[in-house]
Chemist: 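I'd like to ask some things about the structure below.
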Amino acid sequence: MKRIVLALVLGLSLGGCAQFQKFQDALTLTTATVTNPVTKDRLNDLEAGIRIVFAGLKAYKSACINGTADVHCRTNIQQIQVYTRQVPVPLAQLRAFVKNNDQINATIVYNNLVTLITNAKQAAANAGINLGAS
Amino acid sequence: MDTAAVLALIEKGIAIIPILIQFGQDIAPAIEILKNVVTGAQAGTITDEELAQNEAELDALIADFNADLPPAS
């Protein structure tokens, strides 16, 4: 609980690059293994994590459309979309594999999806997305 | 639901809220996600209906972000 409170306090008190670091942290996902199967609960956890990430991305995009984000936001968003547009297919595959309890394929696709999201995160970092005034 | 996973999700959710506020966005959807995570954790294993609902919301969010930007004004 202390950790959560600390994260909240830090999140509210730090600006600029710290915001972007938190954004990157939010994109961090763990990998699946045979001994760590992808259950429906785990799938839901992953999807909740992705929802949080996309909530941040949506905020950035909305700010960009409204003209309140940085001047490079349109290019940045397009670069991130290269990866995020690949997400729906493996996500649909993962859902099907989990619901059919095909753990071998579920684990493969789960880890591919995590890699994809990690690449999106890297694209954001390479583009120097300025979610604050860094 | 794994307690550590729930706490990690809550922490991520809290981390994203200042970003939403910074860009003047509604934080209600993020709060709702966290609420669902906590509610799901309290209830135990997620039901197929809850999973389907969460997935529909995620799909809408992804589609929203992936849509082309409107022409610059």
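Keep in mind that this is a model prediction, so the values were computed, not measured. Every chain is numbered from 1 and lettered A, B, ... according to where its sequence line falls, protein lines coming before strand lines.
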Chemist: Any salt bridge between A/Lys40 and B/Asp48, counting N to O under 4.0 Å?
Modeler: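 Salt bridge present between A/Lys40 and B/Asp48.
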Chemist: Heavy-atom pairs under 4.5 Å with chain B - which of A/Ser62, A/Ala92, A/Gly67, A/Cys64 has more of them than the others?
Modeler: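 It is A/Ser62.
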Chemist: Report yes or no: does B/Asn66 contribute a side-chain atom to a donor-acceptor pair with the main-chain N or O of A/Thr84 at less than 3.5 Å?
Modeler: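 A pair under 3.5 Å: yes.
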Chemist: Are any non-hydrogen side-chain atoms of A/Leu57 and B/Leu61 less than 4.5 angstrom apart?
Modeler: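 With C-beta onward as the side chain, the pair stays apart.
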Chemist: To the closest 0.5 Å, what do you measure between CZ (B/Phe65) and CD1 (A/Ile80)?
Modeler: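 Separation between the atoms: 5.0 Å.
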Chemist: Going only through I, L, V, M, F, W and Y residues with side-chain contacts under 4.5 Å, is there a path from A/Val98 to A/Val89?
Modeler: no
Chemist: Evaluate the side-chain proximity of B/Leu51 to A/Lys99: yes if any heavy-atom separation is below 4.5 Å, no if none is.
Modeler: yes
Chemist: I want to check something: taking the side chain as every heavy atom from C-beta on, are A/Arg51 and B/Asn54 in contact at a cut-off of under 4.5 Å?
Modeler: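 Contact flag for A/Arg51/B/Asn54 side chains = yes.
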Chemist: Taking a hydrophobic cluster as the set of Ile, Leu, Val, Met, Phe, Trp and Tyr residues connected by side-chain heavy atoms closer than 4.5 Å, whether directly or through intermediates, do A/Leu116 and A/Ile108 fall within one such cluster?
Modeler: no
Chemist: Would you find a donor on one side and an acceptor on the other, under 3.5 Å apart, between the side chain of B/Glu55 and the backbone of A/Glu47?
Modeler: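 Here the side-chain-to-backbone pair does not exist.
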Chemist: What part of B/Ala52 gets closer than 4.5 Å to chain A, counting heavy atoms only: side chain, backbone, both or neither?
Modeler: neither
Chemist: Can you run down the salt bridge (charged side-chain N to carboxylate O under 4.0 Å, His left out) pairs that involve residues 64-73 of chain B, sequence neighbours left out, and say none if there aren't any?
Modeler: A/Lys58-B/Asp64, A/Arg85-B/Asp68
Chemist: If I measure from the heavy atoms of chain A, does B/Ala72 come under 4.5 Å with its side chain, its backbone, both, or neither?
Modeler: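 Looking at B/Ala72, backbone and side chain both touch chain A.
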Chemist: Below 4.5 Å, heavy atoms only, C-beta onward: do A/Pro88 and B/Asp59 meet side chain to side chain?
Modeler: no
Chemist: Taking atom CG of A/Asp41 and atom CD of B/Glu50, what is their separation to the nearest 0.5 Å?
Modeler: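 Output value for this atom pair is 9.5 Å.
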